[in-house]
**Student:** 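Sharing a structure here in structure tokens format.
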Amino acid sequence: MANVPDKLTKPYDPAQTEGRIYKEWEDGNHFAPQGKGESFTIIMPPPNANGDLHAGHALFITLEDIMTRYARMQGKRALWVPGADHAGFETQIVYEKKLEKEGRSRFKMSREELYQEILAFTLENKTNMEAQVRRLGASCDWSREKFTLDPEVVAEVGRTFKKMFDDDLIYRGERIVNWCSKHGTSLSDVETEFVEQVDPLYYLQYGPFVIATTRPETKFGDKYVVTHPDDERYANYTHGQQLELEWINGPITATVIKDDVIDMNFGTGVMTITPWHDATDFEIAKRHNLSKEQIIDEHGKLLPVAGDLAGLKIKEARAKIMEKLQAKGLIVKVEDKYNHAVKTCYKCGTAIEPQIRDQWFVKMKPLADQAVKAVNDCQIKFIPDNQRKIFLYWMENTIDWNISRQIVWGIPIPAKICDACRSGMPDLENKITTCPSCSGPMRTDTDTFDTWFSSGQWPQLVLGYPDHADFKTFYPTSVMETGHDLIFKWVPRMVIFGLYLTGQVPFHTVYLHGLVNDAKGQKMSKSKGNVVSPEELINEFGTDALRMALVVGNTPGTDLALARDKVKAYKHFANKLWNVARFIITELEQNKDWVKTDLTEIDHLLLKQFEAVIKEVTGDLEHYRFHLAAEKLYHYIWHELADVLIEESKIILKTDAANSRRQLLFKILDGSLRTLHPFMPFITEEVWSLLTPHHSNHQLLIITPWPLSSNL
RNA sequence: GGUCGAUUAGCUCAGCUGGUUAGAGCGCCACAUUGACAUUGUGGAGGUCACAGGUUCGAGUCCUGUAUCGACCACCA
């Protein structure tokens with residue numbers, strides 16, 4: 001055993017290997033695109049800079065790395081650009097919790113102070129996040145990394161805002177927004193969640209009508225009563241008819257409205273409306289040009305319209321209102337257990353209190369139409385294909401997009417607002433001081449952009465649209481790989497911005513992976529305590545094992561159950577590969593004088609069989625069937641190469657056919673390492689280095705050509 | 001209420017364009033220490049591919065319906 005490399009006398013140890021090899025790749029600048037070949041580009045969905053990577057990150061990094069490494073080995077100019085997301089609302093919430101623990105509040109800090117604190121916090125965490133991406137073996141080009149708050153990003157996002165305003169695609173408008181009174185900001189629809197809730201349903205006497213409501217505390221200002229035009233029960237009342245009636249705080253004049261949005265079968269078929277605090281009511285008021293009054297302020301407290309209850313929080317007010325109604329004999333009945341869905345803030349669970357606010361909106365219809373057209377023209381391929389339907393459904397049912405957020409941690413909207421005439425306009429150079437329409441003073445908009453407004457432009461921003469050479473070389477990108485939960489949050493916005501800004505789709509293929517769940521298929525969550533951290537799994541089993549566990553058996557778009565035992569199984573596989581290498585390399589080292597001969601007929605056939613496997617695996621990779629490719633390699637290496645070929649070689653290597661067999665084993669190990677490299681980059685690179693003395697080519701595996709029958 | 005998907009071995013899931021006795025991992029049972037590997041090897045048990053129809057020479061694979069589960073969407077106060 002004198003000539004056997006020292007490493008091969010010991011078991012494979014990922015902890016001793018992976019960090020060293022990653023450094024070798026990175027120091028050798030092997031992640032940067034090389035050559036002048038066909039370009040292949042993936043833009044990494046930027047992980048949140050504020051925390052640790054979770055299993056979902058591990059999955060997408062593995063998938064994107066497989067694609068990138070495969071493309072690189074094929075000789076393409078492969079570029080995978082990493083990023084870090086400031087994750088506006090998300091991060092601010094994390095930071096607010098931190099402040100809360102310290103007994104502080106963001107509402108007591110200056111904007112600038114808060115921004116700087118969160119920036120420091122984020123940049124500190126960013127390094128941590130990047131280190132975790134590296135540990136997963138990501139062969140992304142760090143020299144091109146972008147942070148979502150980089151100055152050039154912020155500037156370009158501002159220019160897009162102005163361009164869209166000039167093109168009449170952005171307007172400032174009074175609209176009902178989802179308002180979270182805890183966070184003091186509006187939210188987009190995708191940032192809210194419906195929660196099933198059981199509440200009492202109150203039946204109240206409203207003049208001659210009985211109305212049903214779950215929210216009596218909003219009813220102070222209600223002076224319109226709405227019925228369905230076809231409802232015969234109320235045929236005696238006509239649209240626009242006025243009625244005098246006794247209400248919570250005394251007599252009021254109510255107006256009858258007929259609108260077919262009313263469900264005749266719900267409650268009594270009559271409702272009163274609160275346009276300021278309900279989306280449906282707002283639409284009714286808009287249709288009939290009704291007046292609107294604010295009842296609840298932005299902190300969730302009642303305004304003076306509530307009379308002696310003004311200043312009370314909604315929850316406290318309800319009981320008192322019921323007392324008042326009771327005293328006036330206006331409560332007809334109360335149904336105790338009414339089951340309904342309540343819109344809540346997806347972060348804090350606070351019930352959304354819709355509010356009317358002046359905000360910036362993007363007109364979605366014309367933009368969405370373009371996106372639909374591009375997809376129908378097959379300019380974008382979806383994997384799996386059914387996601388295409390979901391995309392189209394989403395794009396065909398758009399509503400205007402509220403891009404204003406009342407949070408500090410984000411890209412400031414470069415605009416000026418005139419409070420006098422409530423107009424607003426972009427002001428990239430911060431020059432406008434007086435309102436062009438009413439000559440009033442203009443103030444700087446204090447709102448920030450919705451995160452998706454900037455991340456929707458990510459493929460362009462990352463590549464330095466419009467002038468940078470990278471943009472010219474690598475745009476449109478090849479694949480966008482992301483979670484299927486982002487098929488409507490993120491993907492459509494990227495398509496829209498891509499088409500709008502560049503006239504081209506931002507990527508030709510969208511690959512959507514599923515969620516990574518726990519071993520039982522349950523969603524991982526901190527409250528359930530079933531969160532599996534990739535970091536721990538790597539420490540225990542190695543990155544390569546984790547990567548295989550994430551890929552094998554995982555079809556695109558489908559959720560994955562990640563069991564510890566599965567990762568363990570692929571650690572065993574790594575061990576198997578190591579021992580295969582140990583056997584073969586030892587054999588070669590001990591017979592250094594072996595001469596290359598023609599393969600025997602049998603060995604030739606065996607090589608052909610191996611080539612057939614490579615061909616299949618190549619086909620699977622071409623069609624994004626990573627799960628099949630990985631499984632086939634696993635199966636071949638373990639049950640063909642190890643179990644059959646090596647076993648029988650123990651005899652054959654003592655016969656005349658030894659040299660042919662040595663050559664066969666060498667070629668198969670060589671090809672196996674190359675095909676397996678995208679999946680298990682570390683161990684394959686390590687074994688490759690041990691095989692190097694037997695090679696004519698001494699370069700690292702990461703930049704070695706993909707095996708074909710011609711180069712085996 | 002709507003959309004999409006799932007239903008295959010004890011568990012978690014593959015099965016790509018329909019084609020011989022339905023596969024993997026883990027688990028289970030019985031043996032085994034031979035030039036790498038016990039993080040192992042050999043062999044084995046275990047499935048009416050949810051149900052009912054249909055298309056076809058042939059269906060787990062295509063079509064229709066039913067049931068159950070799941071995810072997502074939705075202005076029923």
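Lettering follows sequence order; numbering is per chain, from 1.
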**Student:** Quick one: F583(A) CZ to rU39(B) P, roughly how many Å, whole number?
**Tutor:** 21 Å

**Student:** So, is T280(A) close to the rA77(B) phosphate, meaning a side-chain N or O under 4.0 Å from OP1 or OP2?
**Tutor:**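 Checking T280(A) against rA77(B): no side-chain N or O falls below 4.0 Å of OP1 or OP2.
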
**Student:** Quote, to the nearest angstrom, the P distance that separates rC49(B) from rG23(B).
**Tutor:** 14 Å

**Student:** Mapping E631(A) and D643(A) onto RNA chain B by nearest heavy atom, which one lands closer to the 5' end?
**Tutor:**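 Going by which nucleotide is closer to the 5' end, it is E631(A).
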
**Student:** Which nucleotide in the set rC72(B), rA36(B), rU40(B) lies at the smallest distance from any side-chain heavy atom of F488(A)?
**Tutor:** rC72(B)

**Student:** Counting heavy atoms from C-beta on, name the nucleotide in rU39(B), rC72(B), rG25(B) closest to the side chain of K571(A).
**Tutor:**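 Minimum distance to the K571(A) side chain belongs to rU39(B).
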
**Student:** If we take the P atom in both rU34(B) and rU42(B), what is their distance in whole Å?
**Tutor:** 16 Å

**Student:** Nearest of rA77(B), rA14(B), rC16(B) to any side-chain atom of M271(A)?
**Tutor:**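 Within the option list, the nearest is rA77(B).
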
**Student:** What distance, rounded to whole Å, do you find between the two C1' atoms, one in rA9(B) and one in rU33(B)?
**Tutor:**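 Each nucleotide's C1' atom is 31 Å from the other's.
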
**Student:** Pick the P atom in rC26(B) and in rU40(B), then give their distance to the nearest Å.
**Tutor:**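 So the two P atoms sit 8 Å from each other.
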
**Student:** Hey, is the side chain of W638(A) poking within less than 4.0 Å of OP1 or OP2 on rG41(B), counting only N and O atoms?
**Tutor:**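 Answer yes for this pair, as a side-chain N or O of W638(A) is under 4.0 Å from OP1 or OP2.
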
**Student:** Distance between the C1' atoms of rU17(B) and rC13(B), in whole angstroms?
**Tutor:**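 Straight-line distance between the two C1' atoms is 22 Å.
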
**Student:** Once you round it to whole Å, what is the distance between C1' of rU34(B) and CD of E647(A)?
**Tutor:**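 Spelled out: CD on E647(A) to C1' on rU34(B) is 8 Å.
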
**Student:** Kindly say whether I683(A) contributes a backbone atom to a donor-acceptor pair with the side chain of D544(A) at under 3.5 angstrom?
**Tutor:** yes

**Student:** Check whether the ring centres of W401(A) and F361(A) lie less than 6.0 Å apart, and answer yes or no.
**Tutor:** no

**Student:** Where each residue is assigned the nucleotide of RNA chain B containing its nearest heavy atom, which of A574(A) and T192(A) is assigned the position nearer the 5′ end?
**Tutor:** A574(A)

**Student:** Specify the separation, in whole Å, of atom NE2 of H623(A) and atom P of rU17(B).
**Tutor:** 11 Å

**Student:** May I ask you to check whether Y234(A) and F209(A) place their ring centers less than 6.0 Å from one another?
**Tutor:** yes

**Student:** Do F626(A) and Y511(A) have their ring centres less than 6.0 Å from each other?
**Tutor:** yes

**Student:** With heavy atoms under 4.0 Å as the rule, sort T274(A) into base, sugar-phosphate or nothing.
**Tutor:**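 Since no nucleic acid heavy atom lies under 4.0 Å of T274(A), the category is nothing.
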
**Student:** Where the side chain of K333(A) meets the backbone of Y203(A), is there a donor-acceptor pair that is under 3.5 Å apart?
**Tutor:**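 Checking the backbone N and O of Y203(A) against the side chain of K333(A), no donor-acceptor pair under 3.5 Å is found.
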
**Student:** What's the closest nucleotide to the D565(A) side chain, out of rA77(B), rC37(B), rC26(B)?
**Tutor:** rC26(B)

**Student:** Counting only side-chain N and O atoms of H484(A), is one of them less than 4.0 Å from OP1 or OP2 of rG70(B)?
**Tutor:** no

**Student:** Could you tell me whether the side chains of S186(A) and N178(A) share a donor-acceptor contact shorter than 3.5 Å?
**Tutor:** no

**Student:** If you apply the rule side chain to side chain donor-acceptor pair (under 3.5 Å), what do you find for Y12(A) with E686(A), and how did you get there?
**Tutor:** CA-CA 9 Å; Y12(A) 176 67; E686(A) 179 72 348; over 6 Å; no

**Student:** Could you check how far CD of Q387(A) sits from P of rC72(B), rounded to whole Å?
**Tutor:**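 About 13 Å, once rounded to whole Å.
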
**Student:** Looking at every strand, decide which applies to Y634(A) at a 4.0 Å heavy-atom threshold: base, sugar-phosphate, or nothing.
**Tutor:**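 Y634(A): backbone/sugar contact only, no base atoms under 4.0 Å.
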
**Student:** Describe the nucleic acid contact of A561(A) in one word from base, sugar-phosphate, nothing, applying a heavy-atom distance below 4.0 Å.
**Tutor:** sugar-phosphate

**Student:** Heavy atoms only, 4.0 Å cut-off, all strands: where does L653(A) land among base, sugar-phosphate and nothing?
**Tutor:** base

**Student:** Could you give the CG-to-C1' distance, from L201(A) to rC76(B), as a whole number of Å?
**Tutor:** 11 Å

**Student:** Where the side chain of A642(A) is defined as all heavy atoms beyond and including C-beta, which of rA36(B), rC4(B), rA14(B) is the nearest nucleotide?
**Tutor:** rA36(B)

**Student:** On a whole-Å scale, what distance lies between the C1' atoms belonging to rA71(B) and rC31(B)?
**Tutor:**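 Nearest-Å result for rA71(B) against rC31(B) at atom C1': 47 Å.
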
**Student:** Provide, to the nearest angstrom, the distance between the CE atom belonging to M264(A) and the C1' atom belonging to rC75(B).
**Tutor:**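 For the pair M264(A) CE and rC75(B) C1', the rounded distance is 17 Å.
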
**Student:** Just checking F488(A) against F391(A), ring centres under 6.0 Å apart?
**Tutor:** no

**Student:** Only Watson-Crick and G-U wobble pairs with both distances less than 3.5 Å should count. Give RNA chain B in dot-bracket notation, marking inter-strand partners with |.
**Tutor:** (((((((..((((.....[...)))).(((((.......))))).....(((((..]....))))))))))))....

**Student:** Round to a whole Å and report the spacing from CG of L690(A) to C1' of rA36(B).
**Tutor:** 14 Å

**Student:** Taking the six-membered ring for Trp and the single ring otherwise, decide whether the centroids of F679(A) and Y634(A) are under 6.0 Å apart.
**Tutor:**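 They do not qualify: ring centres at least 6.0 Å apart.
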
**Student:** Is K389(A) close enough to rG5(B) that one of its side-chain N or O atoms is under 4.0 Å from OP1 or OP2 there?
**Tutor:** yes

**Student:** Atom NE2 of H228(A) to atom P of rA77(B): distance rounded to whole Å?
**Tutor:** 17 Å

**Student:** For rG41(B), take OP1 and OP2 only and decide whether either is under 4.0 Å from a side-chain N or O of K576(A).
**Tutor:**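 Yes, because at least one side-chain N or O of K576(A) sits under 4.0 Å from OP1 or OP2 of rG41(B).
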
**Student:** Between rU39(B), rA77(B), rG15(B), which nucleotide has the shortest distance from any of its atoms to the side chain of T555(A)?
**Tutor:** rG15(B)

**Student:** Pair R662(A), S649(A) - check side chain to side chain contact (heavy atoms under 4.5 Å, CB included), show working.
**Tutor:** CA-CA 9 Å; R662(A) 283 176 190 126; S649(A) 295; over 6 Å; no

**Student:** What's the closest nucleotide to the side chain of T214(A) if the choices are rU34(B), rC73(B), rA77(B)?
**Tutor:**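 Per side-chain heavy atoms of T214(A), the pick is rA77(B).
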
**Student:** What is the nucleic acid contact for E587(A), judged by heavy atoms within less than 4.0 Å: base, sugar-phosphate only, or nothing?
**Tutor:** base

**Student:** Go through rA77(B), rU40(B), rC26(B) for me and flag the one nearest to the A569(A) side chain.
**Tutor:**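 Among rA77(B), rU40(B), rC26(B), the one nearest the side chain of A569(A) is rC26(B).
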
**Student:** With respect to the side chain of H627(A), which nucleotide from rA14(B), rU40(B), rG35(B) is positioned closest?
**Tutor:** rA14(B)

**Student:** Pick base, sugar-phosphate or nothing for V552(A), based on heavy-atom distances below 4.0 Å to the nucleic acid.
**Tutor:**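 No contact.
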
**Student:** Sticking with atom P, work out how far rC4(B) lies from rC51(B), rounded to a whole angstrom.
**Tutor:** 24 Å

**Student:** Would you measure the distance from the C1' atom in rG53(B) across to the matching atom in rC11(B) and give it in whole Å?
**Tutor:** 32 Å

**Student:** So which atom in V491(A) and which in L512(A) form the shortest heavy-atom distance, rounded to 0.1 Å?
**Tutor:**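 Taking V491(A) first and L512(A) second, the nearest heavy atoms are CG2-CD2, 4.4 Å.
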
**Student:** Heavy atoms under 4.0 Å, any strand shown: does K632(A) hit a base, just sugar-phosphate, or nothing?
**Tutor:** nothing

**Student:** N386(A) side chain: which of rC4(B), rC75(B), rG35(B) is closest?
**Tutor:** rC4(B)

